[in-house]
Structures are given as C-alpha cells and as structure tokens.
Protein chains: 2
Amino acid sequence: MTDASFGGVTPDAARRLLLGAVDAFAERGFHATTTRDIAGRAGMSPAALYIHYRTKEELLFHISRVGHEQSVAVLAEAVEQAPDCAARLAAAVRAFVRWHAEHHTTARVVQYELAALEPEHYELIVALRRRSEEILRGVLEDGVASGRFAVDDIRGTTLALMSLCVDVARWFRPEGRRTPDEVGALYADLALRMAGDCGAAPAGVTSSSG
Amino acid sequence: MTDASFGGVTPDAARRLLLGAVDAFAERGFHATTTRDIAGRAGMSPAALYIHYRTKEELLFHISRVGHEQSVAVLAEAVEQAPDCAARLAAAVRAFVRWHAEHHTTARVVQYELAALEPEHYELIVALRRRSEEILRGVLEDGVASGRFAVDDIRGTTLALMSLCVDVARWFRPEGRRTPDEVGALYADLALRMAGDCGAAPAGVTSSSG
DNA sequence: GTCTATATCACGATAGAC
DNA sequence: GTCTATCGTGATATAGAC
C-alpha cells in the first residue's frame, strides 16, 4: 500500500478496502477496476466490500473527498506560515507539489478520476478543488498589489500554476530521478518566475511586503 | 463532431466511427465507453464497428497515433520557423498549446487514455511523445548555451513545460473565457519567464510575440 | 462481518441473412 | 458493408449460511 493518508479510517477492513481501491484506481482507472480486484487487494471476498461501502463509486468519492481535503489543508498551512508574498507563493507551490508527489497514487485518483463521480458528489469535490485555486490566486493577487509580482492575467496564471502542480500526480514515479522535495523546490522556483518575481533571483534582495 | 483532424480517413463509415469514438472517449473515458455508444454516434449498428476495426482498442490506438503525430508536427513546424531561441520557445509553446486547446477532445483522449493501450501500442505512442519532449528540451538547451536563457534544471523545466501545455487538454472548454490563441499567448509568455529569458521586455510587460 | 453462491445485466465480439 | 440476433463472458450487487 502506497499511502498512509487513510490511517484514521475504521474499522480495519474498511481502511484496507480503501487502500486497495486507491491502488487499483490509480493503476487501471475507476472503470477498469473490478470490485473483485479491490476486495482481493484487501484480502477479502468480493461481497465484503458491500458491508462497508454501498457502491464502488462511494469508495471513489471517499478517496476523492479525503484526498482533496488533505491537499487543501497542506496548501492552506503553507500559505499561513510564510512571511511575505514571494515566500508564500514558494511555500504554497512547494507544499502542494510535494503532496502530489508523495501521495501520487491518491493524487492521481483524486485528480484524474473525477469524471466517474455521481453528479452531486462531483459538485462537492469541485467546490473543494476551487478552494485550492482561490488560495493560490490570493497569493498572486497580494503579490501584484504589493508590487512584488508582475502578472497581467492573474486568473490565467493561477490556472497554469494549478495545472503544473496537479499534473505532478500524473507523471511522478518514486523510482524516478527526483524526490518529492526536489520537484517541489524546482516548481517553487518556476512559480516565482511565472509570477514575475523581481526581488528574489540574484543576490537575496528581499523587499518585505504585506 | 468536434474535430476535423481525421478528414483523410476512408471509407466514410470508418471516419464516422473514429469521430464518434473520439467524442465518446473524451467524455467518458475508454473503459466507460461502449462499442454500442460509438456505433450509435456514427449512426450505425454495434456490429458495423467490427467491419472497420478489429477491436475497440484499435480505435483508441488509431486516434492516439494520428493525434500524437499531428501535435508533434505542429510543434516541429513552429520551432523551425522562428529566428532566435526565445522566439522558438514562444512559438513552440504557443503552437503546442493552441493545438491542445483547439483539438481538446482529441487531445484529451491522446493524453489521458494511454493506459488503456495494449503494451506494444503503448510503446509506440510513448516514443512519439518523447519526440515532443526532445523538441522542447532542444530549444531550452540552445537558449541556455547561447546565454539567452537561465535554467538550472533543463530536464525538469522541460517536464514542467510539457505538463503545462498538455494539461490544457484537460481543462480547456470552448465556451470558456479564453480562445485557444489567447491561452497560447499567455502560456508562451509564461514559458519565457520559466526559461529565465533575460532579453525580453521587463517582467510584467506582456509583449509576447503577437 | 465474512463467506459461498448466485441473480441480473450489459459488455465486446461474432454469425449469418441480405 | 450493414443489418438483426445472439453467444459467451464477466461485471456489480444481493441472499443466506455461519
């Protein structure tokens, strides 16, 4: 099992099913995954799944909700702790990317299997996702207002930043040449460049801003 | 039908099936799409599909191959025509993004349904995709060598650029607030910033190539 | 709560008439 | 080449014993 994010889920069988579903969905996709496969990974019979979850889709919804809540929390925490807006952007992107790399299995399900959710579940998840976008956009807006960043199209740049961070879940492999932290650091630098950050690059010239 | 990229496919029924498959795969994903659905969109019976294609997977392979070949061609052409390396990067990203936005239906299938391909087909497609990456990396390398760009991690930055461009296919909607050309222009500007382009106008003044 | 066994259904793909 | 009809398979989900 790739992920420790569902440690709080009880009973034990429900958690094992959840972890099995994450792995299976990430590998094959929701529709190509069978309930037999999920139950098998959890060491149970196919029927046992339905004791803990009403449908296969409910499993996906559970994974998506917990995953999104976690990534939003990570992002929000990173933004809170940084002193100025350049540090906030760097910390936000770094933390968000690191989460998507470390939890790439969960993240892949969370980000790329949304279409398989039932309409009302989908709406709920999209609302969560919008919060991530708003946090990032807020950082960009502050930086532009304070003169630290130079961005014409804030919405468009936010969208691009989200794209960049989220897509890490698609290509990241733990056996690859970069650690989650290294990808986070690279992407934080790229984000500052995209934001037109003038104060950072050459020699540690930092102008504090609100 | 959203796409005119398969105009050369004959006979007519084979093309209609291909176009139906593109739409269906883009909407629901490969595994959630039924052969009945594809045939229905083409105005035919389920059995007719098997006159023109051996399996459902063969349809996906055909779409993926043609789509990838087109996007690589668009990218290669853009790179060839530009005079210097900054113009090359801008033109490459602009053209590549525009293709992914204009052909977002095809592009979505091409980029996000690869996992459903049979192993040998998958390998063939991945080889095509690698060529896109190499073109972009080449532009970055030239720019760094000539001193025009400032990039530490060329491979990583290439990966990020690819991510950014390709992900356009996931979120782009024709009814959204930006045209394919506008997204292309924005992303070309962002790409120059990511490359640390020093010779361009001061940060924030988006005088990108248009 | 978990199992074995199974109901029910829809899928991909084929057969054979025209 | 296209149709109607259908085969065989494997899917989700349920029933009922333990």
K.L.:
Which pairs pass salt bridge (Lys or Arg N to Asp or Glu O under 4.0 Å) with one or both residues in residues 105-116 of chain B, sequence neighbours excluded?
P.N.:
none

K.L.:
Where is the tightest heavy-atom contact between Cys85(A) and Ser146(A), given as atom of each residue plus distance?
P.N.:
SG-OG, 3.8 Å

K.L.:
Just call it for Ser45(B): base, sugar-phosphate, or nothing, with non-hydrogen atoms closer than 4.0 Å on any strand.
P.N.:
base

K.L.:
Do Arg129(B) and Gln111(B) have a side chain donor and acceptor closer than 3.5 Å?
P.N.:
yes

K.L.:
Is it true that Asp153(B) and Arg178(A) make a salt bridge, defined as a side-chain N closer than 4.0 Å to a carboxylate O?
P.N.:
yes

K.L.:
When you check the side-chain N and O atoms of His103(A) and Ser5(A), is any donor under 3.5 Å from an acceptor?
P.N.:
yes

K.L.:
Does a nitrogen or oxygen in the side chain of His31(B) sit under 4.0 Å from OP1 or OP2 of dC11(C)?
P.N.:
no

K.L.:
Do Thr105(B) and Phe25(B) have side chains that get closer than 4.5 Å, going by heavy atoms?
P.N.:
no

K.L.:
What is the distance, rounded to the nearest whole Å, between atom CD1 of Ile51(A) and atom P of dC3(C)?
P.N.:
7 Å

K.L.:
Calculate the interatomic distance between Tyr53(B) atom OH and dG12(C) atom C1'; express it in whole Å.
P.N.:
17 Å

K.L.:
In whole Å, I'd like the distance from the CG atom of Leu59(B) to the C1' atom of dG12(C).
P.N.:
13 Å

K.L.:
Using only atom types and a distance under 3.5 Å, with no angle test, would you say the side chain of Thr33(A) pairs donor to acceptor with the backbone of Ala24(A)?
P.N.:
yes

K.L.:
Can you give each donor-acceptor pair under 3.5 Å made by side-chain atoms of residues 115-125 of chain B, sequence neighbours left out, with the distance rounded to 0.1 Å?
P.N.:
{"unit_1": "His121(B)", "atom_1": "ND1", "unit_2": "Glu57(B)", "atom_2": "OE1", "d": "3.2"}
{"unit_1": "His121(B)", "atom_1": "ND1", "unit_2": "Glu57(B)", "atom_2": "OE2", "d": "2.8"}

K.L.:
Taking five pairs at each end, how big is the angle between the two axes of the helix from dG1(C)-dC18(D) to dC18(C)-dG1(D), to 10°?
P.N.:
0°

K.L.:
Does anything in residues 113-125 of chain B reach DNA chain C, meaning a heavy atom under 4.0 Å, and if so which residues?
P.N.:
none

K.L.:
Once each nucleotide of nucleotides 13-18 of chain D is scored for protein heavy atoms under 4.0 Å, what B/S/- sequence comes out, 5' to 3'?
P.N.:
BBB---

K.L.:
Nearest 0.5 angstrom please: Met44(A) CE to Arg36(A) CZ, how far?
P.N.:
15.5 Å

K.L.:
Which pairs pass salt bridge (Lys or Arg N to Asp or Glu O under 4.0 Å) with one or both residues in residues 155-173 of chain A, sequence neighbours excluded?
P.N.:
Asp167(A)-Arg170(A)

K.L.:
Any salt bridge between Asp197(A) and Arg193(A), counting N to O under 4.0 Å?
P.N.:
no

